[in-house]
2 protein chains.
Amino acid sequence: MSMERQDLRKAGLKVTLPRLKVLEILEVSDHRHMSAEDVYKALLDTGEEIGLATVYRVLTQFEGAGLVSRLSIDGGHAVFELEDGAHHDHLLCVKCNRIEEFMDEVIEERQHAIAKEKGFQMTEHSLYIYGICKQCQKDNN
Amino acid sequence: MSMERQDLRKAGLKVTLPRLKVLEILEVSDHRHMSAEDVYKALLDTGEEIGLATVYRVLTQFEGAGLVSRLSIDGGHAVFELEDGAHHDHLLCVKCNRIEEFMDEVIEERQHAIAKEKGFQMTEHSLYIYGICKQCQKDNN
DNA sequence: ATGTATGCAAAACATTTGCACCTGG
DNA sequence: CCAGGTGCAAATGTTTTGCATACAT
């Protein structure tokens with residue numbers, strides 16, 4: 001019994017082929033961050049006949065179950081990543097769309113302090129740093 | 001000659017009625033943060049016959065001209081605010097959608113430091129803190 | 001068996017665009 | 001006058017949904 005099956009059961013989700021396959025794609029893909037469309041294409045590449053609507057549904061369920069996190073890049077385009085339990089924020093390359101992760105305790109603390117100052121009971125936060133990655137600076141593209 | 005006319009000319013934009021009206025709405029509205037739809041409805045309320053497509057075009061031009069900034073809230077919904085030259089980030093109430101602003105030097109510095117560490121030439125960043133505002137905690141809604 | 005999940009096509013949503021007409025300078 | 005701006009409707013891109021069928025337990 002593979003780990004993935006247990007993950008799904010634990011999440012209260014029936015173990016179905018589309019769910020297993022989507023999970024597998026997320027695990028084996030070279031890219032840690034994938035859009036629903038990316039996952040859909042990857043499934044087609046492996047010969048799976050799974051509808052795009054199902055990919056969206058499955059990813060949304062996975063998000064609810066805490067198996068993946070959804071990032072909202074520049075308004076109107078979401079990408080998903082396998083949840084590893086460790087909170088982190090993202091750096092995005094505006095040229096090649098590479099996504100890197102980071103975590104900074106100082107920023108985390110300041111955010112809590114600011115919410116408190118403003119009388120907000122903080123629920124979450126989203127931080128994206130945009131820039132040109134090392135590779136793209138070198139390639140000058 | 002009103003201030004708004006000069007703003008538009010300085011931005012290289014012809015002074016047209018739709019542009020003046022949109023700018024006026026942004027200036028006189030109770031809400032500092034408005035979506036294109038909000039602006040459109042406010043225009044209708046004042047009896048102006050301006051198309052939604054034009055509102056989008058005008059707001060996008062204003063953004064390009066530096067007259068307004070566009071915020072991308074939770075992926076797939078943009079709001080605009082008059083640009084006042086002072087950079088700031090946002091706190092959003094998940095209950096009542098109130099938007100508050102803040103600016104934290106420590107966070108700004110850390111972001112630059114992180115980009116540098118990762119070899120990124122930082123172009124911009126977006127930071128949103130979500131939570132429940134003081135009023136909504138009191139009202140318990 | 002039976003309640004869920006899936007596939008497909010259509011709907012929804014925010015935003016953009018093509019094009020004929022109108023307007024500001 | 002004429003480049004640029006506008007209104008309308010249609011197109012866009014992403015995500016969601018309705019419904020009949022298929023599947024997991």
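All of these numbers come straight from a predicted model, not from anything done at the bench. By convention in this document, chain letters (A, B, ...) are assigned in the order of the sequence lines, proteins followed by strands, and residues within each chain are numbered from 1.
Take the nearest nucleotide of DNA chain C for B:L17 and for B:A53: the residue whose nucleotide is more 5' is B:A53. In terms of position on DNA chain D, the residue among A:A36 and B:L13 whose nearest nucleotide sits closer to the 5' end is B:L13. Nearest-nucleotide positions on DNA chain C for B:H77 and B:K14 put B:H77 closer to the 5' end.
Atom-to-atom, CG of A:L44 to C1' of C:dC8 comes out at 14 Å; the value is rounded to the nearest Å. If you take NZ of A:K21 and P of C:dT6, they are 14 Å apart, rounded to a whole angstrom. In this structure, A:E37 atom CD and D:dT16 atom P are separated by 14 Å, rounded to whole Å. Protein atom CG of A:L20 is 11 Å distant from nucleotide atom C1' of D:dA24, rounded to whole Å. Rounded to whole Å, atom C1' of D:dG4 lies 10 Å from atom CD of B:Q61. Rounding to whole angstrom units, CZ of residue A:F62 and C1' of C:dA5 are separated by 12 Å. Rounded to whole Å, the distance from CG on B:L52 to P on C:dT17 is 14 Å. Remark: P of D:dT15 and CD of A:E63 are 12 Å apart, rounded to the nearest angstrom.
Between C:dA5 and A:R19, a contact under 4.0 Å exists linking OP1 or OP2 to a side-chain N or O. Residue B:T16 has no polar side-chain atom (N or O) positioned under 4.0 Å from OP1 or OP2 of C:dT23. Phosphate contact (OP1/OP2 of D:dT16, side-chain N/O of A:Y56, threshold under 4.0 Å): absent.
The one candidate from B:H125, B:E124, B:K116 that meets the side chain to side chain donor-acceptor pair (under 3.5 Å) condition with B:Q111 is B:H125.
Between the A:D139 side chain and the A:C136 main chain, no donor and acceptor come within less than 3.5 Å of each other.
In this pair, B:Y128 and B:Y130 present their aromatic rings tilted. The plane angle is within the 30 to 60° band.
Looking only at atom types and distance, the side chain of B:E101 has a donor-acceptor partner in the side chain of B:H33 under 3.5 Å away.
Taking only distance into account, the side chain of B:R5 never meets the base of C:dG25 through a donor-acceptor pair shorter than 3.5 Å. No N or O donor and acceptor, one from the side chain of B:R9 and one from the base of C:dG24, sit under 3.5 Å apart.
Nearest nucleotide to the side chain of A:R57, out of D:dG7, D:dT15, D:dT17: D:dT17.
Between B:E117 and A:D104, every side-chain heavy-atom pair lies at or beyond the 4.5 Å cut-off.
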